[in-house]
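None of the values given here were measured: they were computed from a predicted structure.
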Amino acid sequence: VGLAASLAAGGAVATRPVRAITAVALSCGVLFLSVALCEERLERRNPIPAWGERIRAECAPGCDGFLVGLEAYSLDFYSGVEWRWIADPARDVPRLATHRKIFLVLWSGLEVMLRDLPFRWRVVGKGEVLSGQWAAAAMGLRKREGPFLWLSLVEITPDR
């Protein structure tokens, strides 16, 4: 709606310049309001801030954070932990872990990679995140694959 209003106001500039200033100002307001409402609607579904708070509380003495298959830069901010990218949890977690508590975030479809992990693990959180199709998600459109994908938060306990 905001984009359509901006385009209509842009077209009015050529035909009626006096009214165009008001139309452009109003359309910009509508555009910014629609973007803000869209962002607010989508952000409610984001599990990363809550996961970050949980990890920050549980990792006061220190813990390791690993990411598999995704980039989640905001986890560093919310959790206070420096997250490292790994390719294979079974191979990389035992080699790189330095703390007694380990968290791993990965796409839920990749949980099968955890079966070869030599440590005890459990999924402590699942949540949907936007997979880049923000316009479809904001309008509530559902495609076959959908604009959202599931993430899993895994707690790993090394047997050391």
Minimum heavy-atom distance [X]-[Y], with the two atoms named:
X: Tyr78; Y: Arg56; result: O-NE, 3.2 Å
X: Ser74; Y: Ile48; result: OG-CG2, 3.3 Å
X: Pro89; Y: Met113; result: CD-CE, 3.5 Å
X: Pro94; Y: Pro118; result: CG-CG, 3.5 Å
X: His99; Y: Pro61; result: CD2-O, 4.5 Å
X: Val81; Y: Cys59; result: CG2-CB, 4.4 Å

What's the separation between atom [atom1] in [X] and atom [atom2] in [Y], rounded to the nearest 0.5 Å?
X: Asp116; Y: Arg91; atom1: CG; atom2: CZ; value: 12.0 Å
X: Ser79; Y: Phe103; atom1: OG; atom2: CZ; value: 9.5 Å
X: Arg122; Y: Ser152; atom1: CZ; atom2: OG; value: 13.5 Å
X: Arg54; Y: Glu155; atom1: CZ; atom2: CD; value: 6.0 Å
X: Ile102; Y: Asp64; atom1: CD1; atom2: CG; value: 5.5 Å
X: Phe66; Y: Trp85; atom1: CZ; atom2: CH2; value: 13.0 Å

For this session: Find out whether Leu151 and Lys126 are in side-chain contact, i.e. whether some heavy atom of one side chain is under 4.5 Å from a heavy atom of the other.
Result: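 Result no, sub-4.5 Å side-chain heavy-atom pair not found.
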Exercise. Does the side chain of Val154 come within less than 4.5 Å of Val124's, by heavy atoms?
Worked result: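 Side chain of Val124 against side chain of Val154, heavy atoms only: no contact under 4.5 Å found.
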Problem set entry | In one Ile/Leu/Val/Met/Phe/Trp/Tyr side-chain cluster, 4.5 Å: Phe77, Trp83 |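 Result: yes, single cluster for both.
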Problem set entry | Under 3.5 Å donor-acceptor, Arg120 side chain and Ile156 backbone |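 No, Arg120 side chain to Ile156 backbone: no donor-acceptor pair under 3.5 Å.
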Exercise. With no hydrogens and no angle check, is any side-chain donor or acceptor of Trp51 less than 3.5 Å from a backbone partner on Gly125?
Worked result: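 Not a single qualifying donor-acceptor pair exists.
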For this session: Have a look at Leu104 and tell me which of Leu153, Leu114, Leu67 forms a side-chain contact (heavy atoms from CB on, under 4.5 Å) with it.
Result: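 It is Leu114; the other options fail the test.
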